Amino acid sequence: MEFSLIARHFTRATPGAVLGVGDDCALLAPTPGMQLAVSTDMLLEGRHFSPQDGPAGIGHKALAVNLSDLAAMGATPRWATLAIALPAEDDAWLRAFSRGFFRIAEQHGIELVGGDTTRGPLTLAVTVVGEVPPGLALRRDGAQPGDDVWVSGVLGSAALALAYRQGRVSMDPLDAARVLPALYLPTPRVALGIALRGVASAAIDISDGLLADLGHILERSGVGATLEFGALPTLPAVQQYLHEDVTREAVLAGGDDYELCFTAPAARRDAVLAAAQQTGVAVTRIGTIGAEASLTVRDADGQPLHLGKTGYDHFAA
Ligand code: ADP
Ligand code: MG
């Protein structure tokens, strides 16, 4: 595509790179002694965002979901590349998209150092590069029996917002207005992930739903877990809908929340709470890791919930 388009919309100063946009490759000098954490996520129209979504929100989300992977690794964001396929050269769309992209990039110290631009059905692929001290990355395979299971923020808002938008659930419009930002403007928990280095034993970001994503930790760690349904944090606006199946499923198995689910030894509870306080993110203890490879959610009476189609199947498979 036209180089002036890239120059107009995707070229900013990159003082943290040896060479940014404009050559055949970017040149990056990692901080001596740090390991690089690298991740890529794609966003497709119709699957990860809807054609009606505003371009600034799409720009935000394209980077936010990638930052969430760095957060889940405890990595400090540094650089990104952006591959974008566009049906037409739409200057107004690109201006708003790049505004959304660069706003969250600046908030997290990310520099856009390269990419690719081509004509095609609207598709975005972002690669992020972060840094983490050797041995301190928050991996999925470190959970131990006896560890606590924690989540940041609240669960189910994004899935409930999507259900509302699709007309699958009726909500008071004021309550709906409180859940919708979770869908359009997810907040990656970057600072919390960094603060949990050396504290959490395992971590993942919740993109596919709590049970499915915790399931990945359990699988990789060779352990199981018991969760208390009543302990799962939700927005106050969501609580009155919790008796409905759609809501329970959103909380347990809804995707797109981009909160962190992590484990930590019970002896590190104070350190977890200090990390939460220092970063201004609420964290909630929702259960315990066990040696037996199963995932159970108990209701208020201590009875196991029937999980049905909640993402649990993936763990069992
Ligand atoms: P090449 O033919 O070498 O792939 P391009 O014309 O595709 O070069 O890209 C020119 C420069 O612009 C390269 O440095 C590339 O990394 C950068 N670039 C292209 N598209 C984007 C984009 N969407 N965001 C950021 N940088 C981009
Ligand atoms: Mg190219």
Side-chain angles (χ1 to χ4, degrees), residues 1-31 34-73 75-132 183-188 190 205 207 256 258:
M1 244 194 227
E2 214 194 323
F3 194 77
S4 69
L5 176 151
I6 298 164
R8 262 197 317 282
H9 299 296
F10 297 116
T11 307
R12 300 268 174 108
T14 53
V18 179
L19 191 61
V21 169
D23 211 312
D24 297 311
C25 289
L27 294 174
L28 309 175
T31 306
M34 296 288 257
Q35 291 180 344
L36 297 179
V38 182
S39 180
T40 301
D41 259 327
M42 292 183 72
L43 274 82
L44 305 185
E45 186 174 70
R47 195 181 161 111
H48 302 98
F49 58 89
S50 109
Q52 309 95 279
D53 288 353
I58 296 171
H60 172 98
K61 195 164 179 178
L63 187 53
V65 301
N66 279 277
L67 284 167
S68 182
D69 284 317
L70 291 181
M73 218 66 195
T76 304
R78 294 294 312 270
W79 305 287
T81 62
L82 165 67
I84 177 164
L86 281 171
E89 218 174 282
D90 181 340
D91 230 44
W93 194 95
L94 281 165
R95 196 175 315 115
F97 173 87
S98 69
R99 178 163 28 87
F101 185 96
F102 280 113
R103 183 190 295 145
I104 183 168
E106 278 159 21
Q107 283 167 1
H108 292 283
I110 280 272
E111 294 182 352
L112 183 66
V113 294
D116 200 20
T117 308
T118 180
R119 210 177 289 276
L122 187 55
T123 307
L124 303 157
V126 174
T127 297
V128 283
V129 183
E131 294 185 327
V132 64
L183 193 57
Y184 298 122
L185 291 172
T187 307
V190 173
D205 66 317
S207 54
D256 271 5
Y258 300 103

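Remember, predicted model here, so these are calculated numbers, not experimental data. The figures that follow rest on heavy atoms only: side chains count, while hydrogens, waters and symmetry mates do not. Quick note: residue numbers are just sequence positions, from 1. Read the numbers this way: they start at 1 and go in the same order the structure lists the ligands and their atoms.
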**Request:** Would you check the N or O atoms of G22, main chain and side chain alike, for any that come under 3.5 Å of an N or O of ligand 1?
**Result:**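 Yes.
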**G115 N/O under 3.5 Å from ligand 1 N/O** =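 Yes.
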Ligand 1 atoms in contact with [X] (distance to a heavy atom under 4.0 Å):
| X | answer |
| --- | --- |
| D116 | 7 (O), 19 (C), 20 (N), 21 (C), 23 (N) |
| D24 | 3 (O) |
| I84 | 23 (N) |
| G114 | 16 (O), 24 (N), 25 (C), 26 (N), 27 (C) |
| T117 | 19 (C), 20 (N), 21 (C), 22 (C), 23 (N) |

**Item:** Contacts of Q35 that satisfy side-chain hydrogen bond (donor to acceptor under 3.5 Å, both in side chains) - sequence neighbours left out
**Value:**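 Scan of Q35 (side-chain hydrogen bond (donor to acceptor under 3.5 Å, both in side chains), adjacent residues dropped) gives none.
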**Message:** Below 4.0 Å, non-hydrogen atoms only: which portion of D23 touches ligand 1? Side chain, backbone, both or neither.
**Reply:**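 Answer for D23: backbone.
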**Message:** Would you say that V132 contacts M34 through its side chain, given a criterion of any heavy-atom pair below 4.5 Å between the two side chains?
**Reply:**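 Sidechains of M34 and V132: no contact.
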**Straight-line distance of E131 CD to T31 OG1, nearest 0.5 Å** =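 Interatomic distance, E131 CD to T31 OG1, rounded to 0.5 Å: 3.5 Å.
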**Prompt:** Looking only at atom types and distance, does a side-chain atom of H60 sit under 3.5 Å from a main-chain N or O of P186, one as donor and one as acceptor?
**Reply:**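 Checking the backbone N and O of P186 against the side chain of H60, a donor-acceptor pair under 3.5 Å is found.
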**Request:** Return yes if some donor-acceptor pair links the side-chain N/O of W79 with the main-chain N/O of G114 below 3.5 Å, else return no.
**Result:**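 No, W79 side chain to G114 backbone: no donor-acceptor pair under 3.5 Å.
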**Prompt:** For F97, what residues pass the ring-ring contact (aromatic ring centres under 6.0 Å, His included) criterion, not counting sequence neighbours?
**Reply:**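 Partners of F97 by the ring-ring contact (aromatic ring centres under 6.0 Å, His included) criterion, ordered by chain and then number, come out as W93.
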**Prompt:** Of the choices V113, L112, L82, which has the non-hydrogen atom that lies closest to atom 22 (C) of ligand 1?
**Reply:**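 Closest candidate by heavy-atom distance is L82.
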**Message:** Under 4.0 Å between a side-chain nitrogen and a carboxylate oxygen: does that hold for D91 and R8?
**Reply:**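 Looking at D91 and R8, the cut-off is met.
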